[in-house]
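Input: a single structure, listed below in structure tokens.
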Amino acid sequence: MARVPFDQPPMIVHDLRLRPYQSADLPFLQALYATTRAQEMAFAPWPEEQKSAFLRQQLTARESHYDAEFPAAANDIVTLAGRDAGRLLVDRSGRQLQVVDIALLPPFCGQGIGTALLTRLMADAAELGLPVRLHVDPNSRARRLYVRLGFTSVSSDGVYELMERLP
């Protein structure tokens with residue numbers, strides 16, 4: 001399924017782009033992942049070196065899971081004005097657009113980037129008559145964004161909530 005470039009309308013954030021993930025992006029992905037676990041790691045009574053090793057191991061396991069479960073997913077680095085800002089991993093191979101992972105570095109949060117990315121995905125899904133699905137920590141700030149964009153809760157496994165936005 002063809003992807004619509006993010007540098008074409010409708011856009012909320014100027015100069016927002018996606019570029020395919022490459023192996024040279026691994027250090028960026030590790031740093032991004034660490035920011036998503038920073039609050040949790042703040043309570044771990046480990047030296048920084050041990051925390052870093054743990055996070056690298058966790059990221060490797062997560063990426064292996066994503067590769068196995070979503071082999072056709074588009075794995076992109078989100079850039080804003082030429083600066084790496086985050087990651088978007090979307091599987092378009094099924095009966096829905098599955099947002100496997102969406103994450104932004106903290107300095108890029110709250111600027112409309114997540115809204116712009118999801119708005120484009122929702123437009124793509126609407127054209128195809130497909131829902132957009134994603135999993136979210138029910139206590140995360142991102143959940144409020146998803147609700148504002150029209151996502152509703154479908155189910156929960158006790159850890160993550162499955163949310164869906166119908167076309």
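Count residues from 1 along the sequence.
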Exercise. Just wondering, more than 12 heavy atoms not from Gln39 lying within 6.0 Å of its CD?
Worked result: no
For this session: Answer with yes or no whether the hydrophobic clustering places Leu16 together with Leu89; edges join I, L, V, M, F, W, Y residues whose side-chain heavy atoms lie under 4.5 Å apart.
Result: no
For this session: Check Gly94 against Asp91 and note the closest heavy-atom contact, atom names and distance.
Result: N-OD2, 4.4 Å
Exercise. Are Val132 and Phe151 close enough that some pair of their side-chain heavy atoms sits under 4.5 Å apart?
Worked result: yes
For this session: Test Val90 against Val100 for side chain to side chain contact (heavy atoms under 4.5 Å, CB included), laying out the working first.
Result: CA-CA 5 Å; Val90 178; Val100 179; over 6 Å; no
Exercise. How far apart are the C-alpha atoms of Leu118 and Ile102, what are their side-chain angles, what is the distance that settles it, and do they pass the side chain to side chain contact (heavy atoms under 4.5 Å, CB included) test?
Worked result: CA-CA 9 Å; Leu118 290 168; Ile102 182 170; 4.2 Å; yes
Seminar exercise, completed: Between the CG atom in Leu145 and the OG atom in Ser140, the distance rounded to the nearest 0.5 Å is 9.0 Å
Exercise. Is there a chain of hydrophobic side chains (I, L, V, M, F, W, Y, each step under 4.5 Å between heavy atoms) that links Val154 to Met163?
Worked result: no
For this session: Taking the side chain as every heavy atom from C-beta outward, state whether Thr115 and Leu149 have any pair of such atoms under 4.5 Å apart.
Result: yes
For this session: Kindly compute the distance separating CG (Asp124) from CG (Leu130), expressed to the nearest 0.5 Å.
Result: 10.0 Å
For this session: Check whether any side-chain heavy atom of Ile77 sits under 4.5 Å from a side-chain heavy atom of Gln22, and report yes or no.
Result: no
Problem set entry | Tyr160 atom OH: more than 12 heavy-atom contacts under 6.0 Å | no
Seminar exercise, completed: Rounded to the nearest 0.5 angstrom, the CG-CZ distance for Leu128 and Arg95 is 13.5 Å
Problem set entry | Gap separating the CG atom of Leu97 from the CD atom of Glu164, nearest 0.5 angstrom | 11.5 Å
Exercise. Does the salt bridge (Lys or Arg N to Asp or Glu O under 4.0 Å) test come out yes or no for Glu63 and Arg87, once each step is laid out?
Worked result: CA-CA 13 Å; Glu63 295 302 305; Arg87 188 237 199 139; 2.7 Å; yes
For this session: Assess whether side chain to side chain contact (heavy atoms under 4.5 Å, CB included) is satisfied between Tyr146 and Arg165, documenting all intermediate values.
Result: CA-CA 9 Å; Tyr146 304 147; Arg165 185 174 189 285; over 6 Å; no
For this session: Using atom types as modelled and distance alone, determine if a side-chain donor or acceptor of Gln111 lies under 3.5 Å from a backbone N or O of Pro107.
Result: yes
For this session: Would you kindly confirm whether Leu88 and Val136 end up in one hydrophobic cluster when ILVMFWY residues are joined by side chain heavy atoms under 4.5 Å apart?
Result: yes
For this session: Would you tell me whether Ser156 and Glu161 have side-chain atoms, one donor and one acceptor, within less than 3.5 Å of each other?
Result: no
Problem set entry | Shortest non-hydrogen separation from Pro167 to Ala126 and the atoms involved | CB-CA, 3.9 Å
For this session: Would you mind checking if Asp101 and Arg62 are paired as a salt bridge, meaning a charged N to carboxylate O distance below 4.0 Å?
Result: yes
Seminar exercise, completed: Looking only at heavy atoms, the pair that brings Pro131 and Leu166 closest together is CB-CD2, 4.0 Å
Exercise. Are the charged groups of Arg56 and Glu49 less than 4.0 angstrom apart, N to O?
Worked result: no
Exercise. Roughly how far, to the nearest 0.5 Å, is the CZ atom of Arg143 from the CG atom of Leu134?
Worked result: 10.5 Å
Exercise. Are Val147 and Val99 connected in a single hydrophobic cluster, I mean Ile/Leu/Val/Met/Phe/Trp/Tyr linked by side-chain heavy atoms less than 4.5 Å apart?
Worked result: yes
Exercise. Is Phe70 reachable from Leu59 through a run of I, L, V, M, F, W or Y residues, each pair having side-chain heavy atoms under 4.5 Å apart?
Worked result: no
For this session: Specify the closest pair of heavy atoms between Met41 and Lys51, including all atoms of both residues, with the distance to one decimal.
Result: O-NZ, 2.9 Å
Problem set entry | Residue pair Thr35, Leu105: steps toward the side chain to side chain contact (heavy atoms under 4.5 Å, CB included) verdict | CA-CA 7 Å; Thr35 69; Leu105 288 173; 4.1 Å; yes
For this session: Decide yes or no for Asp84 and Arg19: does some side-chain heavy atom of the first lie under 4.5 Å from some side-chain heavy atom of the second?
Result: yes
Problem set entry | Distance, nearest 0.5 Å, that separates OH of Tyr21 from CZ of Phe28 | 10.5 Å
